[in-house]
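Remarks on the structure that follows.
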Amino acid sequence: MLSAFISAARTPELRRKVLWTLGLLALFRLGAIVPSPGVDFAAVRSCIELNSGGESAGIYQLINLFSGGSMLQLSVFAVGIMPYITASIITQLLTVVIPRFEELRQEGQSGQAKIAQYTRYLAMALALLQASTLVALAARGQLLRGCADDIFADSSLFAMLTAVLVMTAGAALVMWFGELITERGSGNGMSLLILAGIASQIPAQGGSILESRGGIVFAGVCFAIAALIVGVVFIEQGQRRIPVQYAKRVVGRKMYGGSATYLPLKVNQAGVIPVIFASSLLFLPNLLAQFSPGNSVAEFIQKYLADIDHPVHVTGYFALIVFFSYFYVAITVNPQERAAEMKKFGGFIPGYRPGKPTADHLSHVLTRITLPGSLYLGAVAVLPNLVLGFGVSGSASSLAFGGTSTLIMVSVALDTVKQLESQALNRNYQGFLR
């Protein structure tokens, strides 16, 4: 891993990309601590310390972790990246339901650009909805209990609308940061923003565990996290290599093909996306229930889904991770397209005829390896919080040391390092050809 960063530091173009990425991440963290207009930052901090047990916020603690603590602080970036992730879930679901979206996906780069544009519009609508909900909950004392009168110095309608608009604009800026990192920086921008938010919470939560539970418990937690990181790296690097043979073909006076290679299919083909999708989808019912409190549906959501330690929430979280693993693999890896590409260039899998038999074999292999991959994702996201039970006042207050956070950080870090290595290798090949 260090060799990839050393190689990037020695290459001017890669060094600019890394510095560009770090600069945008620094701006993201700066916006996460700048309070929104009309918000008393000192009062918010005291309210957070008063509600440090995490039970009043429920599932908000998980979303607050992804935003780097900016949501409960009602900062400019309080809404964060979650509206864009939720909008991405919806648009990807629409590609299966609506034929028009499926046609756009098959059009290539122009179609993907159109889908990305629709995703941005939907993300802004969700950001406005979430910002309005956060401001309303904070003003009524339901986001941070017992602090309704102290959070906003001015509780007029104009002040509330200003805070909502600033938070919505902050969500648009965060989305822009993520796209800039993806286009001009290194790694996936949205994933790196989530990584930065989680990493920013580690020192404070680690200090809380050390102060409240002692050095022995803290050392045990660190050892368990180190063992979890080793397991995550081992599974993330695992892949099924399907041999592919290319027949010889003559184009003009040159002969191509005749080589043997393989098609790598990762055990965890979906990466960390199912975990993020499942967290976002579980957050939506709790968000919508705030608009109609008191009825039976809202009470059910608050009792069973908002509490991240409740068995119903844990079971639903695990089931959603498994579902999104299969769903994301089905969207991103199309066996029919892979089989058609191999047939076009004269490739075949030994023992299988080109065309439909090859596609059926690839689909069978994908189904088999996705099952252990999805179970692994669900187990890593759920079991550490349940088994270890670490934290000051339950797992909600130490989510930065939980399985979900560890999985996201390790997966994003591995993906970023791989991109740096591939970019550095590409530069070396270009220099050799020159």
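- Considering only heavy atoms from C-beta on, Phe277 comes within 4.5 Å of Ile85 through its side chain.
- Gln237 has its side chain within reach of Val233: a pair of non-hydrogen atoms, C-beta onward, lies under 4.5 Å apart.
- Taking the ring centroids of Tyr118 and Phe101, they lie under the 6.0 Å cut-off.
- Relative orientation of the Phe323 and Phe327 rings is parallel, given thresholds of 30° and 60° on the angle between their planes.
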Inset, instruction - Quick one: do Met342 and Thr358 satisfy side chain to side chain contact (heavy atoms under 4.5 Å, CB included)? Show the steps, please. - result: CA-CA 9 Å; Met342 283 192 292; Thr358 299; 3.4 Å; yes
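- Legend: residues meeting salt bridge (charged side-chain N to carboxylate O under 4.0 Å, His left out) with Glu337, ordered by chain and number and at least two apart, are absent.
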Inset, instruction - Please test Leu25 against Ile181 for side chain to side chain contact (heavy atoms under 4.5 Å, CB included), starting from the C-alpha separation and ending with a verdict. - result: CA-CA 9 Å; Leu25 292 179; Ile181 292 175; 4.0 Å; yes
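- Rounded to the nearest 0.5 angstrom, Leu134 CG and Leu74 CG are separated by 7.0 Å.
- Heavy atoms only, all atoms of each residue included: Ile198 and Ser405 are closest at CG2-CB, 3.6 Å.
- Side-chain contact between Tyr84 and Leu122 is absent, with no heavy atoms from C-beta onward closer than 4.5 Å.
- Ser325 has its side chain within reach of Leu377: a pair of non-hydrogen atoms, C-beta onward, lies under 4.5 Å apart.
- Checked by atom type, the side-chain pair Arg338/Gln336 shows no donor-acceptor distance below 3.5 Å.
- Closest non-hydrogen pair, Ala127 versus Thr168, comes out as O-OG1, 4.0 Å.
- Qualifying salt bridge (charged side-chain N to carboxylate O under 4.0 Å, His left out) partners for Lys343, counting only residues two or more places apart in sequence or in other chains: none.
- For the pair Met175/Arg120, a side-chain contact is recorded, criterion being any heavy-atom separation below 4.5 Å from C-beta on.
- Every residue two or more places apart in sequence or in another chain was checked for a side chain to side chain donor-acceptor pair (under 3.5 Å) with Thr86, and none qualifies.
- Side-chain atoms of Ile273 and Phe324, non-hydrogen and from C-beta on, never get closer than 4.5 Å to each other.
- To the nearest 0.5 angstrom, Thr182 atom OG1 is 8.5 Å from Gln419 atom CD.
- Ser75 places a side-chain N or O within donor-acceptor distance of the main-chain N or O of Ala32, the cut-off being under 3.5 Å.
- Counting heavy-atom neighbours within 6.0 Å of Lys418 NZ, excluding the residue itself, gives a total above 12.
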Legend entry - Stepwise side chain to side chain donor-acceptor pair (under 3.5 Å) check, Tyr376 with Glu236: CA-CA 10 Å; Tyr376 142 77; Glu236 289 294 328; 2.9 Å; yes
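- In terms of heavy-atom proximity, Leu320 sits nearest to Ala278 at CB-CB, 3.7 Å.
- The ring pair (Phe, Tyr, Trp, His ring centres under 6.0 Å) search around Phe348 returns none, not counting sequence neighbours.
- Residues passing the ring pair (Phe, Tyr, Trp, His ring centres under 6.0 Å) test with Phe177, sequence neighbours excluded: none.
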Inset, instruction - Could you please spell out the steps behind the side chain to side chain contact (heavy atoms under 4.5 Å, CB included) verdict for Arg240 and Val365? - result: CA-CA 9 Å; Arg240 168 77 180 273; Val365 173; 3.8 Å; yes
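- Put simply, CG on Leu24 and CG on Leu180 are 6.0 Å apart, with the number rounded to the nearest 0.5 Å.
- Across every non-hydrogen atom of Ser36 and Val76, the tightest pair is OG-N, 3.7 Å.
- Annotation for Ser186 and Leu192: closest pair O-CD1, 3.1 Å, computed over non-hydrogen atoms.
- Using a 4.5 Å heavy-atom threshold, the side chains of Met82 and Leu126 count as separate.
- Under the ring pair (Phe, Tyr, Trp, His ring centres under 6.0 Å) criterion, Tyr352 pairs with His361, sequence neighbours left out.
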Inset, instruction - Output, in order, the C-alpha distance, side-chain angles, deciding distance and verdict of side chain to side chain contact (heavy atoms under 4.5 Å, CB included) for Gln239 and Arg241. - result: CA-CA 6 Å; Gln239 57 182 223; Arg241 296 182 175 182; 2.9 Å; yes
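- One N or O on the side chain of Ser374 and one on the backbone of Leu371 form a donor-acceptor pair closer than 3.5 Å.
- In this structure, the side chains of Glu13 and Arg16 come closer than 4.5 Å at one or more pairs of heavy atoms.
- Judged by distance alone, the side chains of Gln269 and Tyr326 never bring a donor and an acceptor atom under 3.5 Å apart.
- Across all non-hydrogen atoms, the minimal contact from Gly185 to Thr21 is CA-OG1, 3.3 Å.
- Note: Ile369 CD1 to Leu265 CG = 4.5 Å, rounded to the nearest 0.5 Å.
- The aromatic rings of Phe77 and Phe28 lie parallel to each other, with less than 30° between the two planes, well short of the 60° mark.
- The CG atom of Asn268 sits 9.0 Å away from the OG1 atom of Thr370 when rounded to the nearest 0.5 Å.
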